[in-house]
Amino acid sequence: QVQLVESGGGSVQAGGSLRLSCTASGFTYITYCMGWFRQAPGKEREGVAAIDSDVTTSYTDSVQGRFTISKDNAKNTLYLQMNNLTPEDTGVYYCAARLPCLDANELLSAPEVNSYWGQGTQVTVSS
């Protein structure tokens with residue numbers, strides 16, 4: 001059974017940084033994609049960043065250059081380093097995995113297909 005557990009959320013002032021982690025277990029596929037989504041109050045969930053088995057990454061435009069997605073296969077952990085945070089980055093951040101998956105954009109474009117989700121972690125950025 002696939003399980004995803006996020007950690008690392010919190011409160012920070014604008015311009016600050018946070019690093020989110022997502023520990024995964026129960027994977028049986030060799031090819032998979034993992035990513036981060038977020039949902040702000042009153043808004044729809046949006047894809048933030050994703051990474052595939054070839055370590056190809058994809059980002060939404062609003063976080064390009066500020067956020068970095070990475071993974072440590074030995075630790076079965078996905079990361080999201082978030083720098084220069086703004087109040088618009090506030091929301092609940094969810095870790096997701098799509099199995100199987102060849103391209104990171106598959107997860108971002110169709111997040112409900114063959115996917116698993118964590119419980120979410122709150123990120124609050126104050127001005």
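Keep in mind it's a predicted model, so treat the numbers as computed, not measured. Only heavy atoms go into these numbers, but all of them, side chains included; no hydrogens, no water, no symmetry mates. For reference, positions follow the sequence shown, starting with 1.
Between atom CG of residue L20 and atom CH2 of residue W36 there is a gap of 4.5 Å, rounded to the nearest 0.5 Å. Considering CG of N76 and CD of Q3, their distance stands at 12.5 Å, rounded to 0.5 Å. Here the CE atom belonging to M82 is positioned 11.0 Å from the CZ atom belonging to R19, to the nearest 0.5 angstrom. In this structure, the separation between OG on S58 and CD1 on I51 is 11.0 Å, given to the nearest 0.5 Å. Taking CG from L78 and OG from S70, the interatomic distance works out to 7.0 Å, rounded to the nearest 0.5 Å. Separating the CG atom in L85 from the OG1 atom in T124 is a distance of 10.5 Å, to the nearest 0.5 Å.
Cluster annotation: V55 is connected to I69 through the hydrophobic network of ILVMFWY side chains, with a link wherever side-chain heavy atoms come within less than 4.5 Å.
Scanning all heavy atoms of the two residues, the minimum distance from P87 to S126 falls at CG-C, 4.4 Å. Closest of all the heavy-atom pairs between A49 and L80 is CB-CD1, 4.2 Å.
Residue pairs that meet the salt bridge (charged side-chain N to carboxylate O under 4.0 Å, His left out) test with at least one member in residues 55-68, sequence neighbours left out, are R66-D89. Among pairs with a residue in residues 45-69, none fulfils ring pair (Phe, Tyr, Trp, His ring centres under 6.0 Å), at least two apart in sequence or across chains. Screening residues 50-60 for salt bridge (charged side-chain N to carboxylate O under 4.0 Å, His left out), with sequence neighbours left out, gives no hits. The list of disulfide bond (SG atoms under 2.5 Å apart) pairs with a residue in residues 56-87, not counting sequence neighbours, is empty. Here disulfide bond (SG atoms under 2.5 Å apart) pairs that include residues 56-127, with residues two or more places apart or in two chains, are C22-C95, C33-C101. Legend: salt bridge (charged side-chain N to carboxylate O under 4.0 Å, His left out) pairs involving residues 71-88, not counting sequence neighbours: none detected. Sequence neighbours left out, the pairs with a member in residues 109-127 that pass salt bridge (charged side-chain N to carboxylate O under 4.0 Å, His left out) are R45-E112.
Partners of T77 according to the side-chain hydrogen bond (donor to acceptor under 3.5 Å, both in side chains) rule, which considers only residues two or more places apart in sequence or in another chain, do not exist here. When the side-chain hydrogen bond (donor to acceptor under 3.5 Å, both in side chains) test is applied to E106, no partner is found at least two apart in sequence or on another chain. Residues forming a side-chain hydrogen bond (donor to acceptor under 3.5 Å, both in side chains) with S62 (at least two apart in sequence, or on another chain): R38. Among residues two or more places apart in sequence or in another chain, the side-chain hydrogen bond (donor to acceptor under 3.5 Å, both in side chains) test is passed with N83 by S17, Q81.
Judged purely by atom type and a 3.5 angstrom limit, T121 has no side-chain atom pairing as donor or acceptor with the backbone of S7. For R98 (side chain) and G35 (main-chain N/O), no donor-acceptor pair under 3.5 Å exists by modelled atom type. Looking only at distances, a side-chain donor or acceptor of E6 sits under 3.5 Å from a matching main-chain atom of Q119. A distance-only check finds a donor-acceptor pair linking the side chain of S53 to the backbone of Y32 [under 3.5 Å].
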Would T90 and V125 count as a side-chain contact (heavy atoms from CB on, under 4.5 Å) here? Give the steps. CA-CA 5 Å; T90 295; V125 185; 3.8 Å; yes
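Y94 forms part of a hydrophobic cluster together with F37, V92, L107, L108, W117, judged by ILVMFWY side-chain heavy-atom separations under 4.5 Å.
Other residues, nucleotides and ligands contribute over 12 non-hydrogen atoms within 6.0 Å of the CD atom of Q39.
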